[in-house]
Amino acid sequence: MRRLRVRRDIAAPPALVWDLLVSVDQWPMWGPSVRAVDLDTARISLGSRGVVHTIAGVRLAFEITGFEAATSWSWRVGGVNATDHTLDPIAGGTRVSFGAPWLAAPYLGVCAVALRRLERLALEQVPS
């Protein structure tokens, strides 16, 4: 199925950006709709199952359905295929893209905010 995407080039190493994307304690820092995450481990991997607490107070079960280390991950949230997260190394940093199904097109605005927050977090950690 074709997906809609938003992208952002971040002047930070891919390994640093990847760490922010897979460490669940970081999700509330860059994910505008995430308040907290319940997961038995600190980082996601293929098949990880947990609960995401939204800012609206709703708790939704999730499962990581796709995972390619240091490259991409995707998930089902509340039983629905949700966003995917992809990294590509580029000169001077990392191109990050988030994809969503056509039916979730309005959510791409939230994804764009998430990418800006992700960039801010990454740049705070890049050595000067």
Side chain to side chain contact (heavy atoms under 4.5 Å, CB included), that's the test. Do D84 and R5 meet it? Break it down for me. CA-CA 9 Å; D84 64 67; R5 304 198 75 72; 2.6 Å; yes
State yes or no: do [X] and [Y] share one hydrophobic cluster built from I, L, V, M, F, W and Y residues joined by side-chain heavy-atom distances below 4.5 Å, directly or via other members?
X	Y	result
V52	V113	no
V51	V24	no
L115	L121	yes
M29	F98	yes
V80	V37	no

Can you tell me if R49 has over 12 outside heavy atoms packed within less than 6.0 Å of its CZ? no
Around atom CZ of R59, are there more than 12 heavy atoms from other residues, nucleotides or ligands closer than 6.0 Å? no
What I'd like to find out is whether the side chain of [X] reaches to under 4.5 Å of the side chain of [Y], using heavy atoms alone.
X	Y	answer
T71	L87	no
D40	S48	no
R8	L118	no

Calculate, to the nearest 0.5 Å, the distance between atoms [atom1] and [atom2] belonging to [X] and [Y] respectively.
X	Y	atom1	atom2	answer
R117	Q26	CZ	CD	13.0 Å
S97	H85	OG	NE2	10.0 Å
R116	E119	CZ	CD	9.5 Å
S45	L39	OG	CG	8.0 Å
R3	T83	CZ	OG1	7.5 Å
I44	I64	CD1	CD1	4.0 Å

Between W27 and F62, is the ring centre distance below 6.0 Å? yes
Is the centre of the W18 ring less than 6.0 Å from the centre of the F67 ring? yes
Distance-minimising heavy-atom pair for [X] and [Y]:
X	Y	answer
A82	V77	CB-CG2, 3.8 Å
R43	S23	NH1-OG, 3.5 Å
I10	A122	CG2-CB, 4.0 Å
T94	P13	OG1-C, 3.3 Å
V126	A12	CG2-CB, 3.6 Å

My understanding is that a hydrophobic cluster links ILVMFWY residues whose side chain heavy atoms are under 4.5 Å apart, including indirect links. Using that, what else belongs to the cluster containing Y107? V110
